[in-house]
Every structure is written in structure tokens, then in C-alpha cells.
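Presented below is the structure to which this report refers.
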Amino acid sequence: MTAPGERNVLGGPLEVCGTDPVTGFYRDGHCSSGPDDVGSHTVCAVVSAEFLAMQAALGNDLTTPRPEYGFAGLTPGDRWCVVAVRWRQAFEAGAPAGVVLAATNARALEVVPLEMLRAQAVDVPDDLSGWPAPGSDQVDP
């Protein structure tokens, strides 16, 4: 249910976050957000054991299967659209999850600065200035 024109935090089209398990507020694999998504499930996170433990401590158990909701529970390494405020809490507490920038909804920027998200990026794109990313095969002009 990705709304036409939804953008990621880099300004491009919102890419799929995860399909195994299927994530997203609308369970379509995207971190789409609309008026029904009060929590803003907009950050595409690659969850770690530390992140999952912190979420459980905050009362947001993401590891226990909930078959009544078609939820098998998450394990470290899964991609999941998480609430932007929860992701920021984990970052500030030293237990952040990795972030897939191309699949993180631009609405996350209402809560989390881009620099914070980029610090945990697992899909590091070329620098926005046009210079290649470190380790790329391109030669500086």
C-alpha cells in the first residue's frame, strides 16, 4: 500500500524494506506511512540482539511470535519497519539497529535527523555531493 510518490530519506523512491518476514505498517514490505500509522513505522531497521532486547525492556516485544497477527517474531538480522521514536531511543541509549536508507521513509526525518540515520546505514550510497563512496572503483575527477 505504498502511496504514490512516497520518498526515502535520500529523496529517491521508497524501496522495499523486507518481505521475509513481511514488514510495514500495511504489511506490504514497505515502511509506508499514512493517517492510520500513528506510531510512524518509518525506519527500515536491520535489528540486532541489543536492539531487540532494548525494545522488549520498553514493552515492545518483537521476538515473541504472535500468530493471531501473522507475526512469527524477529531474530537478529531481520529487516523491520520500526517506529521512528523507538529507533531514536535505541540510538541514544547506545543500542541502535542498522538502517536501510533507501527503504526508510522520509517521514522519519520528522523525528530522526538524517545524520543519525546515516551513522547506522547499512546501505551506504554514494555521497550526495556526487563523490563516490569509500571503496568504490570510481576515480576522483
Side-chain angles (χ1 to χ4, degrees), residues 1-140:
M1 173 131 182
T2 302
E6 276 194 289
R7 310 303 284 174
N8 64 40
V9 295
L10 300 174
L14 186 62
E15 295 184 11
V16 172
C17 178
T19 57
D20 185 21
V22 177
T23 190
F25 181 79
Y26 298 105
R27 293 297 190 266
D28 65 356
H30 293 86
C31 295
S32 298
S33 188
D36 298 336
D37 182 17
V38 179
S40 188
H41 294 76
T42 52
V43 176
C44 180
V46 180
V47 300
S48 64
E50 295 80 14
F51 179 84
L52 292 170
M54 179 179 185
Q55 293 305 302
L58 292 170
N60 185 26
D61 181 2
L62 297 172
T63 60
T64 300
R66 301 288 304 266
E68 66 272 27
Y69 298 113
F71 180 66
L74 300 179
T75 58
D78 285 343
R79 290 182 176 201
W80 197 249
C81 296
V82 300
V83 172
V85 169
R86 295 285 192 167
W87 186 90
R88 184 172 179 155
Q89 284 176 312
F91 179 90
E92 291 173 346
V99 175
V100 181
L101 297 172
T104 296
N105 194 307
R107 287 200 53 204
L109 298 175
E110 296 169 8
V111 177
V112 184
L114 181 58
E115 297 77 31
M116 202 177 274
L117 294 167
R118 286 180 74 96
Q120 298 304 313
V122 295
D123 65 328
V124 182
D126 285 354
D127 182 290
L128 296 178
S129 69
W131 287 90
S136 75
D137 294 346
Q138 295 180 352
V139 177
D140 293 343

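All residue numbers in this chain count up from 1 along the given sequence. None of these values were measured; they are calculated from a predicted model.
A donor-acceptor pair under 3.5 Å links the side-chain atoms of Ser48 to the main chain of Phe51, judged by distance alone. Between the side chain of Asn8 and the backbone N or O of Thr104 there is no donor-acceptor pair closer than 3.5 Å. At least one donor-acceptor pair under 3.5 Å links the side chain of Trp87 to the backbone N or O of Ala97. Without hydrogens or angle criteria, Asn105 side chain to Ala108 main chain gives no donor-acceptor distance under 3.5 Å.
Sorted by first and then second residue, the side chain to side chain donor-acceptor pair (under 3.5 Å) pairs involving residues 54-64 (not counting sequence neighbours) are Gln55-Asn60, Asp61-Thr63, Asp61-Thr64.
Side-chain atoms of Pro13 and Arg7, non-hydrogen and from C-beta on, do get closer than 4.5 Å to each other. Looking at Val46 and Val99, their side chains never come closer than 4.5 Å, going by heavy atoms from C-beta outward. Side-chain atoms of Pro113 and Arg88, non-hydrogen and from C-beta on, do get closer than 4.5 Å to each other. Side-chain contact between Leu74 and Pro21 is present, with heavy atoms from C-beta onward closer than 4.5 Å. Side-chain contact between Leu109 and Leu114 is present, with at least one heavy-atom pair separated by less than 4.5 Å.
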- Task: Might you work through the side-chain contact (heavy atoms from CB on, under 4.5 Å) test for Phe25 and His30, ending with a clear yes or no?
- Result: CA-CA 8 Å; Phe25 181 79; His30 293 86; over 6 Å; no

- Would Leu117 and Phe91 count as a side-chain contact (heavy atoms from CB on, under 4.5 Å) if you check the C-alpha gap in whole Å, the side-chain angles of each, and the deciding distance to 0.1 Å? CA-CA 9 Å; Leu117 294 167; Phe91 179 90; over 6 Å; no

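Nearest heavy-atom pair, Tyr26 versus Ser32, reported as atom, atom and distance to 0.1 Å: CD1-CB, 4.0 Å. The two residues Pro65 and Ala72 make their nearest non-hydrogen contact at CG-O, 3.3 Å. Shown here for Val122 and Gly98, the closest heavy-atom pair between the two residues is CG1-CA, 4.0 Å.
Salt-bridge check for Arg118 with Glu115: failed, with every basic side-chain N at 4.0 Å or more from each acidic carboxylate O.
Arg107 and Thr42 form no side-chain donor-acceptor contact under 3.5 Å, judged by distance and modelled atom types alone.
Here Glu68 pairs with Arg66 under the salt bridge (charged side-chain N to carboxylate O under 4.0 Å, His left out) rule; sequence neighbours left out.
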Identify each donor-acceptor pair in which a side-chain atom of residues 77-86 lies under 3.5 Å from a protein atom, sequence neighbours left out, and give them as a table.
{"from": "Asp78", "atom 1": "OD2", "to": "Thr75", "atom 2": "N", "distance (Å)": "2.8"}
{"from": "Asp78", "atom 1": "OD2", "to": "Thr75", "atom 2": "OG1", "distance (Å)": "3.4"}
{"from": "Arg79", "atom 1": "NH1", "to": "Cys17", "atom 2": "O", "distance (Å)": "3.4"}

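Remark: Leu101 CG to Glu15 CD distance equals 10.5 Å, nearest 0.5 Å.
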